[in-house]
Amino acid sequence: MMFVSVPGANDVTEMPKSEVKRKMSTGDLPPDAVVWSQKNNTWKPPAAISSLIESPVAPAPAPTAAAPAPAGKSAPVLKAAPKLKAAPKLKAAPKATATPQTEGQAAVPRAKIARTPQVTSRAKTGQVASGQIRANPNAVRSAVTQMEAEEARSSGWIKWVCLLVGFIVGGLLLFNWFYVNVPLQDNIAKSRYSNASVYGHLGGFFQANTLAVHVFDAPDVSADNFDEFIVSLAGSTPHDSRWEFVTLTSGWMAEYGMSGEDWRDLAGLKGQDQEVVQKFVVDHLRSSSGRLLMPVTHSMNYDRTVQMKESIWNGFVKKMTHQ
């Protein structure tokens, strides 16, 4: 493919060499036109390109030579040069390395050139010509390695935080298991309620002054012997002098509670009648937030007070025995 520039025209025309030769033979190519090809790598009159004058054609008048470039300065540079198909785009247009710009040659506007030829020739020193771009695989690998190292450094602290959090959670689970749950289950297994599924841990897993007791299943417990079971549970609590508050639940969320002192006093009621245990529990049972379920100021109506206490006790038994 060749590129033809005609003085006075705004565009550079791209056409095969055979078409250029045909236009030369028919006289359709102006005598002052210039031709650029990758092989020549410069703008030349058609008559100065040997491959175009292999067949007899009418000799074209030689163009008027342009004034020589001032001493010490390089030859004039085209504003832009056309680009061969599929060739990479260059930032700068190629220079005319051998022949000065022909007089009367039309300047090629940069904005209207869609393609720029790939400069393939090398200077005498063997260096790559200006504008030729070659990817360096080693440089690409180095850049990728550097980006991966920076990403690893930026995300390294997140991994350490996750490891620290996991270590803390795992440590709390192990501490709760061996410090609270194991001795609680061992103690309850020594009572007549060894089949009860009971689990204990620190309140919120880190509140050292609170004990949480979960009763998931107690097949041997009913409303008739619940008073004995709750006393046995209080007596099976390990490290009883440590707790300031004890929460009770039949599931995962705390539903009832007692102060640590009341819980220890409840353990001391072993062997007492059901009415004594029931009255003590009702008078000291609290919600999970710590509020007493039985008001401190009792009703002046005795029957109403009895009904309130029976309601609190029955609700507590029903929840804890899953009935």
Side-chain angles (χ1 to χ4, degrees), residues 135-191 193-221 229-267 284-293 316 319-322:
N136 188 343
N138 292 330
V140 174
R141 285 193 293 268
S142 177
V144 171
T145 302
Q146 183 178 359
M147 291 175 61
E148 291 177 348
E150 292 178 355
E151 182 179 359
R153 286 194 299 269
S154 62
S155 60
W157 67 272
I158 299 178
K159 297 179 181 178
W160 283 109
V161 169
C162 293
L163 288 174
L164 179 61
V165 172
F167 179 79
I168 293 174
V169 172
L172 286 173
L173 289 173
L174 289 175
F175 178 79
N176 277 283
W177 180 261
F178 290 103
Y179 183 75
V180 181
N181 188 62
V182 170
L184 174 63
Q185 292 182 344
D186 289 343
N187 292 338
I188 201 69
K190 297 174 184 178
S191 68
Y193 304 103
S194 57
N195 293 329
S197 177
V198 178
Y199 176 70
H201 59 83
L202 298 180
F205 279 92
F206 58 86
Q207 294 175 339
N209 62 342
T210 301
L211 172 67
V213 179
H214 302 259
V215 181
F216 294 113
D217 188 21
D220 298 334
V221 179
F229 169 73
I230 196 67
V231 172
S232 296
L233 184 61
S236 301
T237 303
H239 318 290
D240 55 347
S241 61
R242 172 181 292 275
W243 318 119
E244 295 181 7
F245 194 75
V246 177
T247 63
L248 298 169
T249 178
S250 58
W252 287 108
M253 302 301 294
E255 298 170 309
Y256 299 97
M258 277 191 183
S259 67
E261 182 179 358
D262 293 337
W263 187 252
R264 289 185 289 272
D265 292 340
L266 177 62
H284 298 89
L285 193 63
R286 300 173 182 266
S287 65
S288 59
S289 62
R291 178 182 59 84
L292 283 172
L293 297 182
F316 179 52
K319 278 280 187 180
M320 298 302 295
T321 57
H322 300 271

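- Judged as a side chain to side chain donor-acceptor pair (under 3.5 Å), and not counting sequence neighbours, N187 has no contacts.
- For residues 194-206, the set of pairs meeting the side-chain hydrogen bond (donor to acceptor under 3.5 Å, both in side chains) definition, not counting sequence neighbours, comprises N195-D220, H201-H214.
- Judged as a side chain to side chain donor-acceptor pair (under 3.5 Å), and not counting sequence neighbours, the contacts of S259 are D262.
- Remark: F229 CZ to T321 OG1 distance equals 9.5 Å, nearest 0.5 Å.
- Residues satisfying the side chain to side chain donor-acceptor pair (under 3.5 Å) criterion with W243, sequence neighbours excluded, are absent altogether.
- Identified under the salt bridge (Lys or Arg N to Asp or Glu O under 4.0 Å) test for residues 236-258, with sequence neighbours left out: E255-K319.
- Scored by the side-chain contact (heavy atoms from CB on, under 4.5 Å) test, S241 finds no partners at all (sequence neighbours excluded).
- With sequence neighbours left out, the side chain to side chain donor-acceptor pair (under 3.5 Å) criterion links T237 to W263.
- Between L163 and W160 the shortest side-chain heavy-atom distance falls below 4.5 Å.
- Side-chain contact between V221 and V215: absent, with no pair of heavy atoms (C-beta onward) separated by less than 4.5 Å.
- Among all heavy-atom pairs drawn from V198 and N181, the shortest one is O-OD1, 3.9 Å.
- Residues satisfying the ring pair (Phe, Tyr, Trp, His ring centres under 6.0 Å) criterion with H322, sequence neighbours excluded, are absent altogether.
- The ring pair (Phe, Tyr, Trp, His ring centres under 6.0 Å) search around F206 returns none, not counting sequence neighbours.
- For the pair L248 and M320, the tightest heavy-atom approach, listed with the atom from each and the gap, is CB-CE, 4.2 Å.
- At least one side-chain heavy atom of L184 sits less than 4.5 Å from a side-chain heavy atom of P238.
- Residues that satisfy the ring pair (Phe, Tyr, Trp, His ring centres under 6.0 Å) test with Y256, not counting sequence neighbours, are F316.
- Every side-chain contact (heavy atoms from CB on, under 4.5 Å) that F178 has, sequence neighbours left out, goes to L174, V182.
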